[in-house]
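Heads up: the structure comes next, in C-alpha coordinates.
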Amino acid sequence: KGDFAFTPADLRTAAAGASRSAIRLILRAQVVIDGKRTAWPQQVDALTLAPTSARNYEMPSLSSSESGDLLVFLMRQPESTVEMKAAIRDGVAWLQAHAIHDRAWEKAGGDRALVVQPGAPLIWSRYYSLTTGQPVFGDRDRSIHDDVADISAERRNGYSWYNTTAARALKAFERWK
(Lines give C-alpha, C1' and ligand atoms only; values in the text may rest on other atoms or scores of the structure.)
Protein backbone atom coordinates (compact mmCIF):
# COMPACT_ATOMS: atom_id res chain seq x y z
CA LYS A 1 0.00 0.00 0.00
CA GLY A 2 1.05 3.63 -0.38
CA ASP A 3 4.78 4.11 -0.81
CA PHE A 4 5.28 0.33 -0.87
CA ALA A 5 2.77 -0.47 -3.63
CA PHE A 6 5.66 -1.16 -6.03
CA THR A 7 6.82 -4.16 -3.96
CA PRO A 8 6.60 -7.42 -5.92
CA ALA A 9 4.08 -9.98 -4.69
CA ASP A 10 6.74 -12.59 -3.89
CA LEU A 11 8.60 -10.11 -1.66
CA ARG A 12 5.35 -9.15 0.12
CA THR A 13 4.65 -12.84 0.75
CA ALA A 14 8.17 -13.44 2.10
CA ALA A 15 7.95 -10.34 4.33
CA ALA A 16 4.59 -11.46 5.71
CA GLY A 17 6.06 -14.87 6.54
CA ALA A 18 9.06 -13.27 8.26
CA SER A 19 6.73 -11.04 10.27
CA ARG A 20 4.66 -14.04 11.39
CA SER A 21 7.86 -15.84 12.46
CA ALA A 22 9.03 -12.80 14.40
CA ILE A 23 5.70 -12.52 16.20
CA ARG A 24 5.88 -16.21 17.17
CA LEU A 25 9.34 -15.60 18.68
CA ILE A 26 8.15 -12.48 20.49
CA LEU A 27 5.28 -14.42 22.03
CA ARG A 28 7.60 -17.28 23.06
CA ALA A 29 10.06 -14.82 24.66
CA GLN A 30 7.46 -13.33 26.99
CA VAL A 31 8.62 -14.45 30.43
CA VAL A 32 6.30 -16.73 32.36
CA ILE A 33 6.71 -16.71 36.14
CA ASP A 34 4.66 -19.04 38.34
CA GLY A 35 2.49 -19.91 35.32
CA LYS A 36 1.68 -16.27 34.53
CA ARG A 37 2.87 -14.24 31.54
CA THR A 38 4.69 -11.10 32.62
CA ALA A 39 6.90 -8.88 30.44
CA TRP A 40 9.88 -9.36 28.14
CA PRO A 41 13.61 -9.24 28.81
CA GLN A 42 15.88 -6.74 27.11
CA GLN A 43 17.87 -9.57 25.54
CA VAL A 44 17.21 -13.25 25.03
CA ASP A 45 19.48 -16.18 24.34
CA ALA A 46 19.32 -16.86 20.60
CA LEU A 47 18.68 -20.58 21.08
CA THR A 48 16.58 -20.84 24.24
CA LEU A 49 14.90 -17.40 24.30
CA ALA A 50 15.73 -17.26 28.02
CA PRO A 51 16.54 -13.81 29.44
CA THR A 52 20.24 -13.07 29.20
CA SER A 53 22.62 -10.18 29.76
CA ALA A 54 24.43 -7.92 27.36
CA ARG A 55 26.70 -5.27 28.86
CA ASN A 56 28.02 -5.85 32.38
CA TYR A 57 25.34 -3.66 33.96
CA GLU A 58 22.45 -5.20 31.99
CA MET A 59 21.49 -8.33 33.87
CA PRO A 60 18.96 -11.02 32.89
CA SER A 61 15.71 -9.38 33.93
CA LEU A 62 12.35 -8.07 32.79
CA SER A 63 12.60 -4.77 30.93
CA SER A 64 9.83 -2.19 31.00
CA SER A 65 11.07 -0.24 27.96
CA GLU A 66 11.45 -3.17 25.60
CA SER A 67 8.19 -4.67 26.87
CA GLY A 68 6.35 -1.43 26.14
CA ASP A 69 7.76 -1.30 22.62
CA LEU A 70 6.88 -4.93 21.93
CA LEU A 71 3.34 -4.42 23.21
CA VAL A 72 2.85 -1.43 20.91
CA PHE A 73 4.19 -3.52 17.99
CA LEU A 74 1.79 -6.37 18.77
CA MET A 75 -1.18 -4.01 19.09
CA ARG A 76 -0.39 -2.50 15.67
CA GLN A 77 -0.75 -5.83 13.89
CA PRO A 78 -3.74 -5.90 11.53
CA GLU A 79 -4.86 -9.29 12.83
CA SER A 80 -4.52 -10.47 16.42
CA THR A 81 -4.59 -14.13 17.36
CA VAL A 82 -5.99 -15.34 20.66
CA GLU A 83 -2.40 -15.85 21.87
CA MET A 84 -1.42 -12.30 20.85
CA LYS A 85 -4.42 -10.84 22.65
CA ALA A 86 -3.58 -12.77 25.83
CA ALA A 87 0.09 -11.71 25.63
CA ILE A 88 -0.94 -8.08 25.21
CA ARG A 89 -3.40 -8.14 28.09
CA ASP A 90 -0.96 -9.87 30.41
CA GLY A 91 1.94 -7.61 29.41
CA VAL A 92 -0.14 -4.48 29.96
CA ALA A 93 -1.34 -5.81 33.32
CA TRP A 94 2.29 -6.36 34.31
CA LEU A 95 3.19 -2.79 33.29
CA GLN A 96 0.23 -1.40 35.21
CA ALA A 97 1.20 -3.37 38.32
CA HIS A 98 4.82 -2.18 38.17
CA ALA A 99 4.24 1.49 37.38
CA ILE A 100 5.81 3.88 39.86
CA HIS A 101 3.52 6.72 40.95
CA ASP A 102 4.43 10.18 42.22
CA ARG A 103 8.18 9.81 41.59
CA ALA A 104 10.58 11.35 39.07
CA TRP A 105 14.11 10.43 37.98
CA GLU A 106 15.92 13.74 38.23
CA LYS A 107 19.21 15.41 38.97
CA ALA A 108 19.32 16.19 42.67
CA GLY A 109 22.44 17.98 43.86
CA GLY A 110 24.45 16.98 40.77
CA ASP A 111 23.47 13.32 41.02
CA ARG A 112 20.49 11.49 39.54
CA ALA A 113 17.99 10.15 42.04
CA LEU A 114 14.42 8.94 42.30
CA VAL A 115 12.61 11.82 44.00
CA VAL A 116 9.09 12.29 45.34
CA GLN A 117 7.03 14.37 42.91
CA PRO A 118 3.24 14.20 43.44
CA GLY A 119 1.39 14.05 40.12
CA ALA A 120 4.47 13.11 38.10
CA PRO A 121 3.88 10.98 35.00
CA LEU A 122 4.13 7.23 35.58
CA ILE A 123 7.63 5.85 35.39
CA TRP A 124 9.13 2.38 35.46
CA SER A 125 12.45 0.99 36.47
CA ARG A 126 14.42 -0.13 33.43
CA TYR A 127 14.92 -3.64 34.89
CA TYR A 128 12.98 -5.90 37.24
CA SER A 129 14.29 -9.00 38.98
CA LEU A 130 13.12 -12.32 37.55
CA THR A 131 12.78 -13.71 41.07
CA THR A 132 11.44 -10.84 43.18
CA GLY A 133 9.76 -8.62 40.57
CA GLN A 134 11.46 -5.62 42.19
CA PRO A 135 13.65 -3.03 40.42
CA VAL A 136 17.31 -4.03 40.00
CA PHE A 137 20.36 -2.02 38.99
CA GLY A 138 23.69 -3.18 37.62
CA ASP A 139 27.19 -1.79 37.67
CA ARG A 140 30.16 -2.26 35.35
CA ASP A 141 31.65 -4.86 37.71
CA ARG A 142 28.57 -7.06 37.08
CA SER A 143 27.26 -6.43 40.59
CA ILE A 144 23.49 -6.23 40.97
CA HIS A 145 21.84 -3.90 43.47
CA ASP A 146 18.33 -3.31 44.81
CA ASP A 147 18.87 0.45 45.17
CA VAL A 148 20.08 2.71 42.37
CA ALA A 149 21.97 4.77 44.98
CA ASP A 150 24.26 1.75 45.56
CA ILE A 151 25.75 1.73 42.05
CA SER A 152 28.66 3.87 40.91
CA ALA A 153 27.98 7.51 40.12
CA GLU A 154 29.12 6.92 36.54
CA ARG A 155 26.42 4.27 35.96
CA ARG A 156 23.78 6.03 38.06
CA ASN A 157 24.15 9.23 36.06
CA GLY A 158 24.94 7.67 32.69
CA TYR A 159 22.00 5.34 32.10
CA SER A 160 18.22 5.50 31.93
CA TRP A 161 17.44 3.53 35.10
CA TYR A 162 13.92 4.96 35.27
CA ASN A 163 11.87 6.16 32.32
CA THR A 164 8.38 6.73 30.92
CA THR A 165 8.77 4.59 27.77
CA ALA A 166 6.14 2.01 28.80
CA ALA A 167 3.46 4.72 29.05
CA ARG A 168 3.09 4.53 25.25
CA ALA A 169 1.90 0.95 25.60
CA LEU A 170 -0.73 1.90 28.17
CA LYS A 171 -2.04 4.65 25.88
CA ALA A 172 -2.05 2.31 22.89
CA PHE A 173 -3.89 -0.31 24.94
CA GLU A 174 -6.75 2.10 25.66
CA ARG A 175 -7.32 2.45 21.90
CA TRP A 176 -6.63 -1.21 21.12
CA LYS A 177 -8.93 -2.83 23.67
Legend entry - Residue pairs, two or more places apart or on separate chains, that pass salt bridge (charged side-chain N to carboxylate O under 4.0 Å, His left out) and touch residues 145-172: D69-R168, D111-R156, R140-E154

Inset, instruction - Report yes if the side chains of I33 and L62 come closer than 4.5 Å at any heavy-atom pair, otherwise no. - result: yes

Inset, instruction - Enter the distance from L74:CG to I88:CD1 here, rounded to the nearest 0.5 Å. - result: 5.0 Å

Legend entry - Residues forming a side-chain contact (heavy atoms from CB on, under 4.5 Å) with I100, sequence neighbours excluded: R103, I123, Y128, Y162

Inset, instruction - Kindly work out whether a path of hydrophobic side-chain contacts (I/L/V/M/F/W/Y, heavy atoms less than 4.5 Å apart) joins W105 to V115. - result: no

Inset, instruction - Check the pair S19, Q77 against side-chain contact (heavy atoms from CB on, under 4.5 Å), reporting the backbone distance first and the verdict last. - result: CA-CA 10 Å; S19 181; Q77 298 309 302; 4.2 Å; yes

Legend entry - Residue pairs, two or more places apart or on separate chains, that pass side chain to side chain donor-acceptor pair (under 3.5 Å) and touch residues 23-34: S21-R24

Legend entry - Donor on one side chain, acceptor on other, D139 and S152, under 3.5 Å: yes

Inset, instruction - Taking all non-hydrogen atoms of both residues into account, name the closest pair between A172 and V72 and its distance. - result: CB-CG2, 4.3 Å

Inset, instruction - Check whether any side-chain heavy atom of Y57 lies under 4.5 Å from a side-chain heavy atom of F137, and answer yes or no. - result: no

Inset, instruction - Could you pull out the closest heavy-atom pair between A104 and Q117, with the gap in Å? - result: CB-OE1, 3.6 Å

Inset, instruction - Please confirm whether the backbone N or O of I26 pairs with a side-chain atom of W40, one donor and one acceptor, at under 3.5 Å? - result: yes

Legend entry - Spacing of E58 atom CD and Q42 atom CD [to the nearest 0.5 Å]: 4.0 Å

Inset, instruction - List the steps, then state whether side-chain contact (heavy atoms from CB on, under 4.5 Å) holds for L95 with F173. - result: CA-CA 11 Å; L95 286 177; F173 184 69; over 6 Å; no

Inset, instruction - Drop me the distance from R76's CZ to L71's CG, to the nearest 0.5 angstrom. - result: 12.0 Å

Legend entry - Taking every non-hydrogen atom, the tightest pair across D102 and A120: OD1-N, 4.3 Å

Inset, instruction - May I ask you to test the Y159-I151 pair for a side-chain heavy-atom distance under 4.5 Å? - result: no

Legend entry - Side-chain donor or acceptor of T7 paired with backbone N/O of F4 under 3.5 Å: yes

Inset, instruction - Decide yes or no for L27 and M84: does some side-chain heavy atom of the first lie under 4.5 Å from some side-chain heavy atom of the second? - result: yes

Inset, instruction - Report the C-alpha separation of T165 and W124 in whole Å, then their side-chain angles, then the decisive distance to 0.1 Å, and conclude whether the side-chain contact (heavy atoms from CB on, under 4.5 Å) test is met. - result: CA-CA 8 Å; T165 304; W124 288 261; over 6 Å; no

Legend entry - Shared hydrophobic cluster for L114 and I144 (ILVMFWY, side-chain gaps under 4.5 Å): yes

Inset, instruction - Side-chain contact test, heavy atoms from C-beta onward, threshold under 4.5 Å: evaluate it for T164 versus L122 and give yes or no. - result: no

Legend entry - Pair R112, N157: side-chain N/O donor-acceptor within cut-off below 3.5 Å: no

Legend entry - Minimum heavy-atom distance I23-F73, with the two atoms named: CG1-CE2, 3.7 Å

Inset, instruction - Examine distances only and state if a side-chain atom of S61 and a backbone atom of M59 form a donor-acceptor pair shorter than 3.5 Å. - result: yes

Inset, instruction - Can you see which heavy atom on V31 is nearest to which on L130, and at what distance? - result: CG1-CD2, 4.1 Å

Legend entry - Least distance between heavy atoms, A29 atom then P41 atom: O-CD, 3.6 Å

Legend entry - Verdict with supporting geometry, S65 and R126, side-chain contact (heavy atoms from CB on, under 4.5 Å): CA-CA 6 Å; S65 295; R126 179 70 182 264; 3.7 Å; yes

Inset, instruction - Please confirm whether the backbone N or O of Q134 pairs with a side-chain atom of S129, one donor and one acceptor, at under 3.5 Å? - result: no

Legend entry - Beyond-backbone contact of W176 with R89, side-chain heavy atoms, under 4.5 angstrom: yes

